[in-house]
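Note that ligands are numbered from 1 as they come in the structure, with each ligand's atoms numbered from 1 the same way.
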Amino acid sequence: MADASGEVTVEQRSPARIDARLVAPALAAWLTAGLTVAWSSWVLAGLLWAASASAIAGSWALARHDGLSERRARWLVLVGVSLAAAALAATMTAGQFPVRHPPALEEATTASRHVELVAKAASTGYPGARFFSATVIEARIGTETTAVNVPVLVFAEPSERIPIGARFSIAGVLSATDSGDDVSYLVFADAAPRVLAPPTPVLAWGDALRSGFAGIAAQLPSDGGDLLPGLAIGETSAVGPDLDAAMKATSLSHLTAVSGANCAVIVGMLLALARALGLGRRSRTIAAMVGLLAFVVLVTPGASVLRAAVMAAVVLVAGIGGRSARGLPSLCVAVLGLLVVDPWLARDYGFALSVAATAALLLLVPPLAARLRRVLPAGVALVLAVPIAAQLSCQPILVLLDPALPVYGVVANLLAEPAAPVATVIGLFACLLAPWAPGPSLFVAWMAWLPAAWIAAVARFFEDATGARLPWLGGVAGAALLAVLTAVALAAVLAPTGRVRRGSVAIAALLVVVIGTATAVSSITERMSRPSDWEFAACDVGQGDAMLIRSDDQTALIDTGPEPDPLAACLDELGIDRLDLLVLTHFDLDHVGGADAVLGRVDRVLVGPSGEADDDALRERFAAAGARVEQTVDGARGTLGELDWTVLWPPASGVEPGNAASVALLVSGGQNCGCLSGLFLGDLGEESQRRVLASGRVRHVDVVKVAHHGSRDQDPRMYRATGATIGLIGVGADNRYGHPTDALLSMLAAAGTTPFRTDRDGMILVSAAAGGGVEVWSEQPAAVGAAG
Ligand SMILES: [Zn+2]
């Protein structure tokens, strides 16, 4: 795509000097924004401005009077400018923070008050979808109406499609997000949102194109049809969870987000077209920019798209590796500009990834391609250099999301990437045709289907390949280690002189051996050290609960998590074939969605009250598979091996099915048992917890299963009353609910309870220590320190 434009060529001469002066200010602004979106402060902003002014004034004064060398003066100016960039970021967050957290909504949140909101959709709300993002523009609390401008995530099932930009009303309660989150509140709606006004004509045009194209693509078969709208216009609502997982495991998911690459394809195509029409250089650039703008409207002007378009503009201005001297300053200006407009991007992984990929295109591709040209033809060298550079620059960031290296990522990208621009361009053409000529549009879409199906097939193939996922150290340490290793390896490959290269090769080899040995040893010792005498276990099933209790040869499972596969894998690992008891605390999907994994393997099932026909159907399926199914209530008792269990909630009547009616279970052993005790709280909220406490039967336990994945809606007295040593939290990594919340974690801290959470710790096993006390083993021991 790059060569088609004729604008973008790879530097053949020795690389130009790179102008890195703006790197420090851009990084300073990024770091400051990342910190201050959580703790905004006018004082900090003021201090930074003062420091910046004194550094710049100091450099001037020193240079004048004390004959400070020019080089030193320039350093001082750079410090001053960097401090100014940091000050600007701090000022922007301090200015925006009160706007994003208006007093009326803050008060309504703490008091759990009912609010009526008018909002504009920021992402499409699909019927049957669980959430979408929006900007609240008006809030009515009691009799008072306030005009606001607050980003939120709405949890509601729309009964009709809510296009981006449409105004709608919604009522419900608010929940605060973690500080630093890109939305200010979560809105839990009582009922479906009601559309008040359609979007503006421009946005409506984009929406009509998108929905028309989605309809066309839905007629195409299999993965290719699901993937095509993503490749063409970043519309991924048709991509199912398993295809999504395959794309992620093979580092291909960037193809379905509207990225700098999509925008670069559009720009490249327009430039080629303008050139064919004989337009001059300036007119070509203007035409490309106008086209880019229209594309942004089409694919929705959300933050991620704006970001991609800005990055594409940077590449357009600088050319892929063509004028790297100009590329880096443009990238830094773009980063500064985007962070000033939206400081919350500082914590956005997509932002970090697109900056890293853009930097790689500008800086890393030319030397890599030059190096590869020594052994390969020029064209092949460039085609190889692009995915290698992108993978190397993005992987340290991706390790933060998933502590593993996708072994086949580069190969998969090499195979899939040539098909991506074809699918994008032809798909986009089909999209533009869809509203006018559905028949021809379908025909064109079929042509785009082929490359789309190819990309999906590559993802599926490499996902299943053995050893596709190499475990890596998680967290910031893992990311930093990988970044250092990558830098050393690159120095070894790209260094101009033999000595530097030999030195780097030696360091890289040493690092690889050390890390490889450490990883291998830790994974072996982990397996060996896994206790066989565990009594409680938390399976890592993503956002949801699946907790095991074991005594003698008997096993109970509390909830099944959202999907069967992770639960089946967990039971396999622990060698559990049969369950003596299954407790379904309530019928939400994150608690019963994995039921198929244990169907036909359970003797007895305890359930709370059912709310819908689906709930009864699930009960019947267990009964048909041979289980004794009982609706349990407060006061029910039983035994499991040496343990006694008692149901503390729900009462026989007076609670609605759902979270508030979760089955709560107290488990303890007799005097000579030496067993641990535990309290399992399902998804009970503060109100129900208060009532359970009021029954007077809550007592000190060793382990508490934290209620509702660590949401805020909790009674701190519950955790003080249990005074547990260990708190187990079933929670998915990067879940959109902000679970577990800081509020809950501080309740646990106040109660002296150490939290263990499945998102960071993986599978967690709890056993009784030999001399009394509790012993915990977890799958990701590196993260334990951070969790504790
Ligand atoms: Zn739940």
Side-chain angles (χ1 to χ4, degrees), residues 129-131 153 155-157 172-173 175 177-178 186-189 241 536-548 557-567 570 582-598 605-612 614-615 618 632 647-650 655-665 678-689 692 704-715 718-719 727-741 743-745 747-748 755-760 764:
R130 293 183 59 201
F131 56 81
L153 197 63
F155 287 79
E157 287 188 21
V173 288
S175 164
T177 55
D178 276 353
L186 310 178
V187 181
F188 294 97
F536 299 118
C539 288
D540 180 11
V541 291
Q543 180 70 9
D545 279 351
M547 306 285 164
L548 288 156
L557 172 68
I558 302 184
D559 293 330
T560 70
E563 284 156 29
D565 286 353
L567 176 62
C570 179
L582 170 65
V583 181
L584 299 176
T585 59
H586 62 297
F587 287 94
D588 282 355
L589 206 62
D590 55 327
H591 298 259
V592 303
D596 279 349
V598 292
V605 184
L606 298 183
V607 297
S610 38
E612 297 169 12
D614 277 0
D615 307 348
L618 184 63
T632 194
V647 173
L648 299 188
W649 190 264
V655 280
E656 290 285 302
N659 287 352
S662 292
V663 175
L665 204 67
L679 178 62
F680 294 79
L681 291 170
D683 275 1
L684 292 180
E686 185 182 1
E687 170 66 26
S688 324
Q689 290 179 18
V692 173
V704 63
K705 200 297 290 183
V706 169
H708 203 196
H709 323 289
S711 81
R712 295 169 64 88
D713 181 23
Q714 314 261 356
D715 191 337
M718 172 61 88
Y719 295 97
L728 294 176
I729 310 177
V731 63
D734 296 301
N735 64 80
R736 288 307 314 250
Y737 313 90
H739 293 163
T741 55
L744 175 273
L745 292 174
M747 287 179 211
L748 292 185
F756 283 84
R757 38 199 279 199
T758 55
D759 60 338
R760 292 198 183 158
I764 303 154

Parallel, tilted or perpendicular: rings of His591 and His709 (30°, 60°)
tilted

His709 N/O/S atom closer than 2.8 Å to the Zn ion (ligand 1)
yes

Below 2.8 Å, any N, O or S contact between Asp683 and the Zn ion (ligand 1)?
yes

Mind checking whether the Zn ion (ligand 1) has an N, O or S of Asp588 under 2.8 Å?
no

Vertex the Zn ion (ligand 1), arms to His591 NE2 and Asp590 OD2, rounded to 10°
100°

Do the non-hydrogen side-chain atoms of Asp545 and Ile558 ever get within less than 4.5 Å of each other?
no

Metal proximity, His586 vs the Zn ion (ligand 1), N/O/S cut-off 2.8 Å:
no

Gly732 and Asp759: which non-hydrogen atoms are nearest, and at how many Å?
C-CB, 3.6 Å

Donor + acceptor pair across side chains of His708, Asp713 (<3.5 Å)
no

Under 3.5 Å, is there a donor-acceptor pair linking the side chains of Thr585 and Asp559?
yes

